[in-house]
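Quick notes on the structure that follows.
Counting starts at 1 for both ligands and their atoms, in listed order. Both backbone and side-chain heavy atoms feed into the values below; hydrogens, waters and symmetry mates do not.
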Amino acid sequence: MKGFKELSAVALSLLACTVSAEDAEKASDVHVLKKDTFEAFVKENPLVLAEFYAPWCGHCKALAPEYEDAATKLKEKGIPLAKIDCTEEAELCEKQGVQGYPTVKVFRGPENASPYAGQRKSDAIVSYMVKQSLPAVSILNKDTHDDFTKADKVVLVAYFAADDKDTNATYTQVAESLRDSYLFGATSDPALAKVAGVETPALVLYKSFDEGKTTYDGKFEVEKLVEFAKISSTPLVGEVGPETYAGYMDAGIPLAYIFVDNDEDKEKLTQAVKPLAEKFKGKINFATIDAKAFGAHAQNLNLEQKWPAFAIQETLKNQKFPFDQDKELTAASIAKFVEEFSEGKIAPSIKSEPIPEKQEGPVHVVVAHNYDDIVLDNDKDVLIEFYAPWCGHCKNLAPKYEELGKLYFDNKDFASKVVIAKVDATANDVPIEIQGFPTIKLFPAGSKGSPVDYAGSRTVEDLANFVKEHGTHKVDAYVPPTPEPEEEAAGEKLGEAAAAASKVAEKAEEKVESATTKAKEATETAKKAASSAAAAEEKHDEL
Ligand SMILES: *[C@@H]1O[C@H](CO)[C@@H](O)[C@H](O)[C@H]1NC(C)=O
């Protein structure tokens, strides 16, 4: 026994020797950056991946071991990974526009950052960053050209003369900005241009669907090329899913959905809308959507979950035009509907709960059909909460919001000037884009066109002060609680401090909640959706 003890003591001291303080710090290959080192670091290194995090954030903790592993693998390739603790470097994180944790960005110098759009796994990070380190444009020759045009679903190849510096520069700029979306190649071999059937300079988008390729022979201007890439890469009749949804929403044109729950309907209706998709190319996108996986999304379009179904969403105004589900979906009936939609002959459908017969409580209940009457009442300052029944933060706020409502409701003078209201934004179409729940806005009397967003902590006092400060009537309704005898006051203060602290934490969590549910995370949310109906409810606001 004694011998073992001595032995282990020796072993321990050996260990202690090898892990000196210095080595312990160096054990991580992730560079810790601070306000005074960040800029120099991203200047020195042409390509850097940086994570902005908070120690308490769960997603950051989950990412940490993956990030460490990726850092070690990428170190060999000369691509450094860095991290910034935003609880210590608030100023730096604010400057970088960090809104949720973790925020991961690719830097090419201090002025050029783009969001990391890969998965949060070591292998994905490594492959993403290796791709980022390659030139945005691959130079092609007669041996590599043909394979390259088939290397991905969408591939762009530019053909221009070796001395055409302007075209080269413009194209390179486009490739740099869209490198995460498509593969870009270029060649100055005139023989290859001939085979492609183009006069230089030209750009050809090769695709594994529809007509196979589309040629651009207009002027080489950045915006024109970007538009060409976006429009030509969109399939005539595509499919809405986690990878494509954000693209359709950002396309700036309406999206026509075809909900189908079997391959036969999918094929039949795809063929039926093809001529329309051709006719309205660049004006309306058409896509099928798998009703088995994403059927809950139909509710967002004011459709019942009955398949097949068809609806158009005007993405800019978030208006919905569902096709009457009592009528049969045929090539002719869809064509008529789309034509009428394009001529502005169809009114958008507005989802609304019934208007309450009487406003009884201190918080007014708003629905789509009384939204204008209450929220846009020009005589009143109206504070309105957009909530979702499943949202936990909304539930926590509810009692405080009632209390806030009472401050005005119980005072005749105040009640004539201020309305505290709420609307279930999942059951009512509201003319506002909701990014997260709860969203709170004040519509001041006399300037209903300029609502003010509430971003403070969710306490009665702060909310009331917000109404006072930003409301037209400047109603000061908050009455601070009368101070208690001294001893207890101390206890209460502590309680308040603790409450305030937890509120800060809640707010920070909240930011993360909204940031993580953004489109980029649609994959995750969509998977959740497929597995549970409740989650589907939550997800379809994002999908
Ligand atoms: C574009 O310019 C770069 C940098 O000068 C050059 O390496 C590349 O070969 C040019 N591209 C073509 C297709 O000539």
Inspect the contact between Lys73 and Asp69 and indicate whether a charged nitrogen and a carboxylate oxygen are less than 4.0 angstrom apart. yes
Would Glu88 and Lys34 count as a salt bridge (Lys or Arg N to Asp or Glu O under 4.0 Å) if you check the C-alpha gap in whole Å, the side-chain angles of each, and the deciding distance to 0.1 Å? CA-CA 8 Å; Glu88 284 179 10; Lys34 301 191 173 297; 3.4 Å; yes
Please check if any side-chain donor atom of Asn168 sits under 3.5 Å from a side-chain acceptor atom of Thr172, or the reverse. yes
Run the salt bridge (charged side-chain N to carboxylate O under 4.0 Å, His left out) test against Glu339 and tell me which residues pass, sequence neighbours left out.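 Glu339 satisfies salt bridge (charged side-chain N to carboxylate O under 4.0 Å, His left out) with Lys279 once adjacent residues are dropped.
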Salt bridge (charged side-chain N to carboxylate O under 4.0 Å, His left out) partners of Glu278, counting only residues at least two apart: none
What side chain to side chain donor-acceptor pair (under 3.5 Å) pairs are there with at least one residue in residues 232-241, not counting sequence neighbours? Tyr182-Ser233, Glu239-Lys266
Which protein residues have a heavy atom under 4.0 Å from ligand 1?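 Residues within 4.0 Å of ligand 1: Ile139, Phe160, Asn168, Ala186, Thr187, Ser188.
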